[in-house]
Protein chains: 2
Amino acid sequence: MTSLGGASEERGGELATASRIRDAAIARFGRDGFRAGLRTIAADAGVTAGLIVHHFGSKDGLRRACDERVLEFMRREKKKALTDGTGTMLLAQMAQVEQFAPMVLYLLRSMQAGGELAAELIEHMISDAEAYLSAGEAAGVVRPSRDRAARTRYLAYQATGSMLLWFTLHGGDAEPEKFPALFRRYMDELTLPALELFTEGLLVDRSMLDEYLMYVPDPPSAASNAADQDGTAS
Amino acid sequence: MTSLGGASEERGGELATASRIRDAAIARFGRDGFRAGLRTIAADAGVTAGLIVHHFGSKDGLRRACDERVLEFMRREKKKALTDGTGTMLLAQMAQVEQFAPMVLYLLRSMQAGGELAAELIEHMISDAEAYLSAGEAAGVVRPSRDRAARTRYLAYQATGSMLLWFTLHGGDAEPEKFPALFRRYMDELTLPALELFTEGLLVDRSMLDEYLMYVPDPPSAASNAADQDGTAS
DNA sequence: CACCAGATTAAACACTCGTTCAACCGGCCG
DNA sequence: CGGCCGGTTGAACGAGTGTTTAATCTGGTG
């Protein structure tokens with residue numbers, strides 16, 4: 001309510017119908033996945049299926065609207081808590097707020113299904129991690145890496161992917177009520193091993209790393225984000 | 001072919017029809033996901049949709065048969081290369097073999113969708129990691145952990161989840177031809193940061209870990225797999 | 001050969017899906 | 001008042017889905 005950054009919609013006394021449909025779609029998609037039918041969403045919003053396509057053109061148009069909404073929400077919320085921690089913690093925080101939980105669920109479904117939103121999401125996660133790690137490096141609490149970009153991507157993928165997998169397995173039902181508790185359980189299980197690994201590592205000696213470093217010439221120059229599709233090797 | 005452990009099927013000169021259907025289903029499910037239609041699978045196997053349900057009872061029965069097949073395959077293959085490395089590397093190896101690639105793809109789809117096979121799979125991954133880490137610990141190359149089970153689960157979820165996410169985003173098309181190359185690219189991007197993190201850690205000092213250890217009493221006894229739903233703290 | 005059991009097929013059934021269409025209703029403007 | 005126009009509805013359509021059913025083909029056995 002009282003959307004602070006609301007640009008050009010839902011200014012009326014009650015929610016505009018289109019926004020209501022879109023929010024219902026986010027909640028329903030988050031709950032049931034994207035195979036949820038238009039009629040179900042319509043019933044949730046108190047309208048008819050035909051009206052949805054009248055407003056959004058098609059089911060895909062509705063999904064794009066949902067994506068846009070969630071993405072804008074993410075951008076807005078990120079600014080408020082940038083210094084706080086990794087993207088996973090940000091998501092965990094947001095999931096605690098009852099109003100935001102459907103968005104987080106929708107995000108998880110998006111990453112489960114792949115697609116544009118998911119790609120953009122992981123890019124956000126990476127840039128978050130980049131900022132976080134850079135700040136830590138500058139402050140002297142994070143070790144420098146031989147390939148900063150690669151490490152950033154690695155950490156973001158690990159954190160996001162394991163969270164996604166955890167919820168796919170343990171939260172398949174995806175009831176929005178149990179959702180915050182699930183998130184807390186995940187963080188509880190996670191925190192100690194993560195901190196342990198981050199401070200002490202896993203291996204006692206450097207032989208594996210040194211071996212690898214001897215094997216490959218120098219990592220940081222090659223293997224960036226530009227378009228190299230296939231490796232040279234067969 | 002020449003299934004060494006084949007118990008009671010496909011002993012004839014050519015593939016039995018049921019097996020052919022099942023293999024086609026594995027390939028098609030891996031390629032298109034589980035929303036692939038029975039008629040498509042039937043066409044792949046050169047039969048009719050009705051025959052599939054005649055042999056497997058229902059689409060769900062077919063999926064169960066596929067799950068069983070893939071799981072048995074995993075068990076068999078795991079024995080052959082247990083000492084080699086983590087479950088991720090095992091999957092990467094198998095994906096290189098053209099004949100096994102469809103199974104790996106099917107596995108990825110399963111974890112994407114959740115369900116029983118996925119749960120059993122991650123349990124395999126965890127037990128693999130357990131064996132691998134225990135051996136490393138005994139050999140003196142892996143540091144001991146304050147909570148071994150939690151660390152094992154953590155590492156297994158991270159490795160598996162990040163791989164799943166990576167393929168969801170970069171391999172959505174899922175053509176079995178480009179699949180081994182994708183896997184190689186994933187490993188290439190991954191290896192350096194992983195080794196770095198495993199040998200050197202991420203943080204320079206122990207303050208975060210010590211703070212956390214001071215905050216929670218003792219991790220290894222509590223917080224197991226039994227049913228504790230909500231924490232005592234508000 | 002007769003007969004039966006299983007494999008296999010083509011068609012039909014019941015259902016859901018996204019989308020389309022014609023109609024209706026309520027304001028707003030001329 | 002008349003007319004238009006966007007919001008909204010309910011019914012219909014066509015293309016899918018999984019499943020069922022009756023019929024056909026095939027091979028082995030008494």
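So that the names make sense, note that chain A is the first sequence line, chain B the second, and so on, each numbered from 1.
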If I take atom CG in residue L51(A) and atom P in nucleotide dT9(D), what distance separates them, rounded to the nearest angstrom? 6 Å
Mind calculating the distance between CD1 (I41(B)) and C1' (dT19(D)) to the nearest angstrom? 14 Å
Over how many whole Å does the gap from R35(B) atom CZ to dA15(D) atom P extend? 20 Å
When all nucleic acid strands are considered with a 4.0 Å heavy-atom cut-off, which category describes A42(B): base, sugar-phosphate, or nothing? nothing
Report the nucleotide, chosen from dT9(C), dT19(C), dA12(C), that has the shortest atom-to-atom distance to any side-chain atom of T48(B). dT9(C)
Nearest-Å distance for atom pair CG/P, residues D32(B) and dT17(D): 11 Å
Does the distance from a Lys or Arg side-chain N to an Asp or Glu carboxylate O, for R184(B) and D188(B), drop under 4.0 Å? no
Distance, rounded to the nearest Å, where I52(A) contributes CD1 and dT9(D) contributes P: 10 Å
In whole angstrom, give the distance that lies between atom CD1 of I21(A) and atom C1' of dT9(D). 12 Å
Regarding E130(A) and R148(A), does a basic nitrogen lie under 4.0 Å from an acidic carboxylate oxygen? yes
Among the nucleotides dT19(D), dT8(C), dT19(C), whichever has the atom closest to the side chain of H54(B) is dT8(C)
D23(A) bridged to R69(A) by N-O distance under 4.0 Å: yes
Does R63(A) qualify as a cation-pi partner of F34(A), given the criterion of NZ or CZ under 6.0 Å from the six-membered ring centre and within 45 degrees of its axis? yes
Would one find a side-chain N or O of T17(A) under 4.0 angstrom from OP1 or OP2 of dG7(D)? no
Once you round it to whole Å, what is the distance between C1' of dC15(C) and NZ of K59(B)? 15 Å
Which one, dT19(C), dT8(C), dG18(D), comes nearest to the side chain of S58(A)? dT19(C)
Closest nucleotide among dA12(D), dG7(D), dT9(D) to the R39(A) side chain: dA12(D)
Salt bridge check, D147(A) against R151(A): does any charged N sit closer than 4.0 Å to a carboxylate O? no
Using OP1 and OP2 only, check whether a side-chain N or O of H55(B) sits under 4.0 Å from dT8(C). yes
